[in-house]
Structure formats: structure tokens, C-alpha cells
Engineer: 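Handing you a structure now.
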Amino acid sequence: MKRVYLDNAATTSTAPEVLEAMKPYFTEKFGNASSVHSFGRENRNVVEDAREKVADLINADDSAEIVFTSGGTEADNLAIKGIAMKHRDEGKHIITSACEHHAVLHPCEYLEEYHDFEVTYVPVDEHGMVDQKDVEKAITDETILISVMMANNEVGTIQPIKEIGKIAKENNIYFHTDAVQAVGAISVDVNELNADLLSLSAHKFNGPKGIGALYIRKGTKITPFMHGGAQERGRRASTENVPAIVGLGKAAKVALEELEEKQEKITKLRGKLIKGIKEKIDEVTLNGHPTKRLPNNVNFSIRYIEGESLLLNLDLEGIAASSGSACTSGSLDPSHVLLAMDIPHEIAHGSLRLTLGKYTTEEEIDYVLEKLPKVVDKLRAMSPLYDQ
Amino acid sequence: MKRVYLDNAATTSTAPEVLEAMKPYFTEKFGNASSVHSFGRENRNVVEDAREKVADLINADDSAEIVFTSGGTEADNLAIKGIAMKHRDEGKHIITSACEHHAVLHPCEYLEEYHDFEVTYVPVDEHGMVDQKDVEKAITDETILISVMMANNEVGTIQPIKEIGKIAKENNIYFHTDAVQAVGAISVDVNELNADLLSLSAHKFNGPKGIGALYIRKGTKITPFMHGGAQERGRRASTENVPAIVGLGKAAKVALEELEEKQEKITKLRGKLIKGIKEKIDEVTLNGHPTKRLPNNVNFSIRYIEGESLLLNLDLEGIAASSGSACTSGSLDPSHVLLAMDIPHEIAHGSLRLTLGKYTTEEEIDYVLEKLPKVVDKLRAMSPLYDQ
Amino acid sequence: MYSDKVMDHFQNPRNVGELENADGVGEVGNPTCGDIMKIYIKVEDDTIQDIKFKTFGCGAAVATSSIATEMVKGKTIEEARELTNKKVAEALDGLPPEKMHCSNLAADALQKALDNYLGIENNNICDACEDISHHHS
Amino acid sequence: MYSDKVMDHFQNPRNVGELENADGVGEVGNPTCGDIMKIYIKVEDDTIQDIKFKTFGCGAAVATSSIATEMVKGKTIEEARELTNKKVAEALDGLPPEKMHCSNLAADALQKALDNYLGIENNNICDACEDISHHHS
Ligand SMILES: Cc1ncc(COP(=O)(O)O)c(C=O)c1O
Ligand SMILES: Cc1ncc(COP(=O)(O)O)c(C=O)c1O
Ligand code: FES
Ligand code: FES
């Protein structure tokens, strides 16, 4: 059967050249990068080389500002808990947005519950967009951290990070941005964004799973999250995951080289997909911002049908898509992001996210445009809501 | 040049069959294991299959008691902070030992500094052995957690975990053991040990780096450490690292199958190495317990010479070894483990750890026994302490 | 995730549709909690002659609707009264734990359709759904 | 980690040993902090005619000892007085940041040997080591 993968926001395949780069570090060059001997030293060098490449991708001044983590979630946890625990004497207020990933929201909730922090969740508009004025208004004397994601994982909306970063800087508040969906998809520059901390995750841009990084601007002090050995200059303990770090480095290099070309190609395919769906299916709404959105993100509410049934039917046609929040599937609630955008529950339940990737072809888009309307018809015929 | 790797306690090579098992999950079967579609579902199955294999290796009753983490350090952090944060209303006292890995000690120190916990570090004897009576004596009404490692990473001493587990159980206190060095090296049975929580790390037994697991006995409630998505039944957020999980599963299976044979072979080679060093070099002392020690661990203090110089010289002969604590090299202090065993600073500085692995050969042992005495002679000739 | 039986009923749901002159109609769930199920029955001689459903819900909701209608078609009211959530789930070779509540919907909708046929008033909507949406909110 | 120059001096240290009838001896460090260095000088006509060292320490300690002795051999006391930690480190094409303190040892030991030759009392042992061992303890 034909298989079309349109769930690249959930995860991407590891590019063959990335896997190739990683391979030697499993069986031959397997040393502990912190060891004195040659098995270790040769790996120390490749780890530092990967760090440079990640720094280049986000235009960090110094590769020492990059800390490797086990993924985007850990980078978010380290940023938020790390700043909160280190600077809790300066204030206990955090500002974030209602449409953050759970990897940001849940650490915030943890700080509320366990450490008496106060967190302001600024709202988003119907496009999932944060208004920087709301962020500014939320600032108090107690505010030590602002965390707003660069681009949303569900609806793809790109936030006014540069403006929010400026506000944070003017008010002397640490600024973190979860750029897990943005890095590798659009151009990201920590200096332009005024970011003090920035999270990224390799498996979102054809790197391996289980590796990510937190950018920590020079001079920004944090309490470590993962306590143990002195790895990562004392900022993140645990034996360095050398093959994965090498993979992240390689993926970062490729992403930087291909960025423009990939963006252009994917934006074009996305346009075709959006146009096709609107033409072929009635009563659909594009979720997220019409223009300020990730090049690879398509998110529609398709009225009268329910997400899981839609996904299962698409899957039977070989099409991999997602609905609601892919990272927390298993939950029965509609996505908090769609609800924050004031999309009614019943419509939120029928959301469909199709996210393109570097290997997506025009033929695959055509295939989806052929199958999707049929699946929607079938489900609507079964829906008690459709002809009411 | 000949290369002899005797630093298997720091990390091991990924076994070829383990890498082979992992490969398809990078490029072909790369789906997010939490996704509804077939790319996800096929990975959900392999994740659960790996969980079974890990459960088998430590004789857990139910694979749902296994939570995958990014390594031994995270497993230790999850266990210690997880129990402490969840049960802090029941008491704020923890008992651990002076010779734990930093992945246990530093989370304890964090709890002291940030959460007003009290921690008792029970001493060890000259062999690095904890006395269960000291643990029992340290118990107060406030004690909620006892954490003592199963086997020490530096000197290989195997602790009386069964006895300590029994004491914990009788006193209704959660019991965690860091079995990172033990799992895959000796037989480990969570029920026999009365462990409520047990940490393991794949790269210590020829699995990949960046993946480990925490065993959490059914009914044991913990506060999650990595906050975010609902993965791992809400106990550990972040996209499942499928290839690494598959690798851990495979390594667990192989370890269980080979355990006896490997133990026998390595113990014999270790005996030869210890005997040879004692015969060929004067003024050396074997650190750690003479019999209750990991089959793969050799740790000598070699008087009048300093560890790093020794390692560099051995490295020039192609021999990879370690000194002090491999996981925190870069520190200038002698290992806290050797100091806890009351070994004087200057002797602790001259410790040499040689740790055998599943690929170690007798020829390699012979090679070390030929080269090591020469290196020691050279360094002693340079030492201002030697003929004083 | 789902058994072959569930997938079969999901892919080829039996008895989809409405009955114009139904003798009883039962509806459970609400669109807010994500699931709605409507069952129509045609009764003759105390026997369910025909039955149709419409469902807005997950794969399990569709499959349970389908199998539940199949299980009671041709059965007497009395027999149909004995259809429970558990029996529906069993007939599907089980459901994933987090989907067990879905099986409630079908049985509940059927019971409501029977109530409606028998003239019994019943206002409560799906309890399971209420619980869940509160729990997760 | 280490430059080729460091590794060269580490592998083939110059001037290892003791001088029987040294005119000056300087010792720094202590075994507790992990490093000891002893430098022996033989002076004639205000010039360092011969110089030897013994070192218990890390690779950097060995290499700095070796190069420091080489740098001052044949030099006048006055010239030798100008040998600083920084010059030693530079001559080795640099040292890793965490090893910079090691370069102190060699220059300090040499200065002490010169003090000893000139009859100047000096009791303090290696300050760097003291600092470090306190910092890390
Ligand atoms: C915006 C965002 N943040 C954080 C994460 C978490 O990243 P990871 O799964 O690598 O931990 C994800 C995806 O899962 C994401 O999309
Ligand atoms: C006893 C012990 N605990 C914990 C760890 C940490 O494991 P990892 O490096 O996989 O995080 C190690 C080794 O590094 C260890 O030897
Ligand atoms: S009917 Fe609600 S999730 Fe299945
Ligand atoms: S001399 Fe102390 S670490 Fe180098």
C-alpha cells in the first residue's frame, strides 16, 4: 500500500546521511567523551564539533552557550525550572502563553504547585497569536521569566518573538522561547530574537530522537535540572550521548544548508494542499494564522467529524496525520491550543493536522487530495451532527 | 597500534546485534510511538516489547513498572526527586551512602539546598562497604527514602542491598538502588532485593547511550521529573526514543542470555589481572572488597604516581583505563569514593581502574601486564615521592 | 491498539443511518465531550425489527455502535435490555483501557432508545463523558 | 585536550632527575592536593648551568616542569627570574583552561629554587593548589 507521511511535526525520519554520520559512534568510536584516553578524547572532539554546528544553526555567538539535552522536553524543563530555581529570590512570577507545548506548561504548573510560583498564561487570539502588549501588561516586579514559543506545534502560528524578546530585555527579565518546531523549519537567530534561552529538538528536523539542546546566553545563570556528573560544563549531567549528538550536529548542518530551498518547496506544496482541501470539502476552516505560519503546517477543522475516526480512516488509506496534540495523544480532551483559540469543543474534536517534511512530494499531496474528501464523506454520512 | 579497552565501567561499545536491531527505527520505522497512525502504532508495539525485556532482566512482575529515561542519571534523579517531592509531607529525611554516584548525591544535595531536606550519608568501611546496621540506626520518623547503590562504579564493591531492602520494607520506607553498574553484570532481582525503585543504564551493558530505565514498583507514587506530554503513562514526558529503547531491549535480552557465561569468563580474566599486577608491581593495594565485587572491576592504588599521568602513559600504549571517577573527570579532586574509604589523598590520586567487558580477551590482559609495570617504573622514576 | 474485530466494525460499520419512523430513539453524549451517539429502533411484536445508528466519536465509539446494533437486531426488548457495556466490549475482543468508557455509549444509547419506546423519561446524558471531561479539564 | 607540544614534553620529559649537590632546591605543592614539584639548580657565574626536576602530577604538570627547565637552562639568574606561568603556558602552545593552574607550579618551583640559592626565606606552598583543593572540597 502507498504510505504518505504527513505527521512531520510529531517526528521526522532520521535522514540517511545523519544515520551514516552516527554509525561509527556506536560500535567503534564508543568511548565516554569525558574520559582521558584516546577512546574518550576522539569523542570529545566530535561532541564539540557538533556543538559548533548547532550554534551556527541558531547563530549563537559561542558554542559554549549550547547544552545538549535528551530532547525538547528536557530543554524546556531545564530552561524553566533552571531559571526559576536559580532566581526565585528575585521574584516568583513567570509569564507564558496559553498555547505553549505541555513541556512548557507542565513545568510552570509544577512551579505553581510545588514552589509557590505565580504564572500568567497570556491568551491568544483566534489565530493562536500572542499579543506582545498582553505580555508587557502582565509584567510585575516579581517577574523573572517570560517563555513564549516561537512557533506552535499544532497550528503552526509564528509568534512575535522578536518583539517579546525586546520587551523582556527592556524589563531585565529572562526570556525563553521553545523553538522546537521552528528550528530547521525557518530561520532562527538568538540574537535577533533577544532570546536568553532557546529549546530545540533534533527529531523535528530529520535528526535522531532523544537529543536536543538548550541555548543559554552567556552570563545567564541556571540551576541544573539533571544532577550528577560534571558533563556539559556542569550544566547537564549524564554520559554524553555521542552518536545522538553527532546526529544532531549533522542534522543542524544539513538544515542550515537546505533551509531556503526546503522552505520554498514545502511552502509551495502546503499552498496546494490548503487550496485543494478548501475546494474539495465544504465546512472546513483553516486553523492558525493565514500567513504567519510554519511552512510545513496545515491544520483544518472539518466540521461534524471526530479526529480519531478521521485519523484511523486516513491511516487505512496509508496517510499518517494527526489531530489535536500529537504529543499527548491518549488524552480524550481536545487540544488546549485549539480551545485557547476559542474554537468550540465539537469543532476542536474534528481538527486535522497535516505537516509536511523534507521528503514530501507533490504526488503525495495529490494522493491526499484524492482520498481525504472520500473519507470525510464517509464519516459525515455516519455523523448525527451533519444534517441537523 | 594495539588498542585495549579496559574502561567498561565508564561505557561499553554498542554490540553489533544491538545496533542492527536499532537501525530500522531511524529511517524506515521512525514514527512517533504515541501517534494513532500505523507509523506510530508499529513503534508502540516495539516499545512495549522492549519494556518486557527490561522487566525480564530484573525480574519485575509487570512491564508497566518500567519507565524509560535518558540514562542512569535521569533514572536516579526521577527516583530521588520523584519520591521526595511526592512524599515530602510524610517526612523530609533521606538516607544514602557516602560512596554513591554523583547522580544520587547531587539530587540529594539539591533537596537539602532547595527543599530543606535532611540527608544522612552513612559511611563505608575501608572496602567501600555500607553496614546495614548504620542504615537502620539512621532511620527517623521523618525518613521517607533510603537509596544505596547495588554496586560501586569505582571500586566494584557489591553492597548488602537485600538486607538494606529488608530494613526499608520493615520500616515502611521507600527503597531505591542505583544498579547502573550491576545490571547486565550480575544477577539482579527487584523482588529478592525488596527494591521499590531501581536505576539502570543501557550503555553500561553494551546497549546504546542516552537510554536507561527506572523500575518503579506497582503502587509506588512519584512526582514526575520530566514534565510535558503524557508519555510513559504520565511518568516521563518527551517523544519516545524508539531506536534507543529497542536497543536497550535487545541489550537486556542478550545480557540475560549471556549473564552466566560472561560472568565466568570475566571473573577469570580479572583474577589473572589482579594477580599479575600484585606480582609485577610493588607497593600497590587493591581497592574495594576482595570478594564481594563486580566481576569486571579491578582498582588499584599505585603509590607515588598520579592518576592522569598514568592514564596518559597507558593511553600512549593503547590502553584505555580510568582513575578516580570517570564520570566526573575534569575535576582535580580525588574521588569521593576513595576518600570515603579513608584512603589518603596522595594515594587516592594514584588510583587506577581497569574494567573488563564482554569483548575483553586474555591476550589483552597479557598485554596490560606487560606494559603497565614499565609505565609505573617510568613515572616513579620521575616522582619526588618515590625514594623519599 | 484496537483488536481486529474493532477495526472490522470501524471500517465496515453495520446498520449506519437513521430510521424515518422509528419507534424509539436514544441519544447519548454531547459534542463538547467529543462523542455523540444516536440509535433508532423499529419494534414489532416486542422484537427489534430494525436498528440504525449515527455516531460522532472515536474508532471505539463507531465500532461499539456497530456491534451493539448487530447484537440486538432481531432480539426481544427483554433480551436487548440485558446488553451491557461489558458484553459489548467483550464482543469486540476487548478495548484499550482508556477506551472502555466508549463502550458505555452504545449500550446507554440503546437503553435510552428502549426507554423512549417504552415511554420512560430519562434526562441524563452520558455520565462517562461528563466524568472524563471534568477529570481532564 | 593537550597540544602536541604538551604531549611531546609529557612523553619525553627533559631534565628529569635530581642534582646531588644542588645550589638551590625549590619545592611546591603537596601530595594532598595531588601535585608536587621539586626543581634542583646548579649555578655558576650567575648562570643556571644545570637543572633537574621531579614531579608528581598530571600531564600538564609534567610537561610544564619539563619545558620550564629547558627554558631557563643556560640562562642568567636575572633572566630566569622573568619566567612566568604565562610564558610557560605559551611555550607549550597553551593549556586547557582547567589546567592553567598547573603551569603555576613549574614557575613557582623555579622561583623558589632561585630564592633558595639566593638565601631568601619563603614558606608558602603552592597557592594555586590550596585554592583549588578548597574550592572543590
Ligand atoms: C513545541 C514543542 N515543544 C517541545 C516538544 C517536546 O520535544 P521532545 O518530544 O523532543 O521532548 C515538542 C514536540 O514533541 C514540541 O512540538
Ligand atoms: C553507579 C552509576 N550511577 C549512575 C550513572 C549515570 O549513568 P548515565 O551516565 O547513563 O547517566 C553511572 C555512570 O555514569 C554509574 O556508574
Ligand atoms: S467515545 Fe469518547 S473517546 Fe471514544
Ligand atoms: S598539576 Fe594539578 S591538575 Fe595539573
Engineer: Taking side chain as everything from C-beta outward and backbone as N, CA, C, O, which of these in A:Y110 sits under 4.5 Å from a heavy atom of chain B? Side chain, backbone, both or neither.
Structural biologist: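 Contact with chain B is through the side chain of A:Y110 alone.
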Engineer: List for me each residue that meets side chain to side chain contact (heavy atoms under 4.5 Å, CB included) alongside B:E20, sequence neighbours excluded, and say none if there are none.
Structural biologist: B:K23
Engineer: Where does A:L105 contact chain B at under 4.5 Å (heavy atoms): side chain, backbone, both or neither?
Structural biologist: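 Neither part.
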Engineer: Can you tell which part of B:R233 gets under 4.5 Å to a heavy atom of chain A, answering side chain, backbone, both or neither?
Structural biologist: neither
Engineer: Between atom CG of B:N241 and atom CG of A:N241, what is the distance when rounded to the nearest 0.5 Å?
Structural biologist: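 So the gap between those two atoms works out to 7.5 Å.
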Engineer: Determine the option with the most heavy-atom pairs under 4.5 angstrom with chain B, choosing from A:L312, A:I211, A:T223.
Structural biologist: A:T223
Engineer: So which atom in A:T11 and which in B:N32 form the shortest heavy-atom distance, rounded to 0.1 Å?
Structural biologist: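 Where A:T11 meets B:N32 most closely, the heavy atoms are CG2-N, 3.4 Å.
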Engineer: Does any backbone or side-chain atom of A:E113 lie under 4.5 Å from a heavy atom of chain B? Answer side chain, backbone, both or neither.
Structural biologist: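 For A:E113, the backbone is the part near chain B, not the side chain.
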Engineer: For B:S238 and A:S70, work out which heavy atoms get closest and say how close.
Structural biologist: OG-O, 4.4 Å
Engineer: Could you look at A:R44 and say if it's the side chain, the backbone, both or neither that has a heavy atom under 4.5 Å from chain B?
Structural biologist: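 Neither; nothing under 4.5 Å.
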Engineer: Select one option (side chain, backbone, both, neither) describing which atoms of A:T12 are under 4.5 Å from chain B's heavy atoms.
Structural biologist: backbone
Engineer: Looking at A:G210, A:S13, A:A103, which makes the most heavy-atom pairs under 4.5 Å with chain B?
Structural biologist: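 Looking at each option in turn, the highest pair count goes to A:S13.
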Engineer: State, to 0.1 Å, how close A:G229 and B:H102 come at their nearest heavy-atom pair, and which atoms those are.
Structural biologist: N-CB, 4.0 Å
Engineer: List the steps and the verdict of side chain to side chain contact (heavy atoms under 4.5 Å, CB included) for A:Y25 and B:K209.
Structural biologist: CA-CA 10 Å; A:Y25 298 93; B:K209 292 176 179 52; over 6 Å; no
Engineer: Check each atom of A:E240 against the heavy atoms of chain B and say whether the ones under 4.5 Å are side chain, backbone, both or neither.
Structural biologist: backbone
Engineer: Would you call B:P224 and A:H106 a side-chain contact if the rule is heavy atoms closer than 4.5 Å?
Structural biologist: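 Sidechains of A:H106 and B:P224: no contact.
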Engineer: Only counting residues at least two apart or in another chain, list the ones meeting salt bridge (charged side-chain N to carboxylate O under 4.0 Å, His left out) with B:E17.
Structural biologist: B:K358
Engineer: Rounded to the nearest 0.5 Å, what's the gap from CZ on A:F26 to CG on B:N206? Could you check?
Structural biologist: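 Taking CZ in A:F26 and CG in B:N206, the distance rounds to 13.5 Å.
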Engineer: What part of A:A320 is in contact with chain B, defined as an atom under 4.5 angstrom from a non-hydrogen atom: side chain, backbone, both or neither?
Structural biologist: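 Both parts, backbone and side chain.
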Engineer: Can you check whether anything in residues 72-82 of chain B gets within less than 4.5 Å of chain A, heavy-atom wise, and list it by number?
Structural biologist: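 Within residues 72-82 of chain B, near chain A: B:T73, B:E74, B:N77, B:K81.
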Engineer: Are A:F39 and B:R3 packed together at the side-chain level, in the sense that at least one heavy-atom pair is separated by less than 4.5 angstrom?
Structural biologist: yes
Engineer: Chain B heavy atoms under 4.5 Å from A:D315: which part of the residue, side chain, backbone, both or neither?
Structural biologist: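 Side chain only.
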Engineer: Against chain B, work out which of A:G247, A:P16, A:A321 has the most heavy-atom pairs shorter than 4.5 Å and name it.
Structural biologist: A:A321
Engineer: Report yes if the side chains of A:Y114 and B:H115 come closer than 4.5 Å at any heavy-atom pair, otherwise no.
Structural biologist: no
Engineer: Salt bridge (charged side-chain N to carboxylate O under 4.0 Å, His left out) with B:R88: which residues, sequence neighbours excluded?
Structural biologist: none
Engineer: Answer yes or no: are there more than 12 heavy-atom neighbours, outside B:K2 itself, under 6.0 Å from its atom NZ?
Structural biologist: yes
Engineer: Starting from the C-alpha separation in whole Å, work towards a yes-or-no answer on side chain to side chain contact (heavy atoms under 4.5 Å, CB included) for A:Y5 and B:H37.
Structural biologist: CA-CA 9 Å; A:Y5 186 76; B:H37 48 67; 4.0 Å; yes
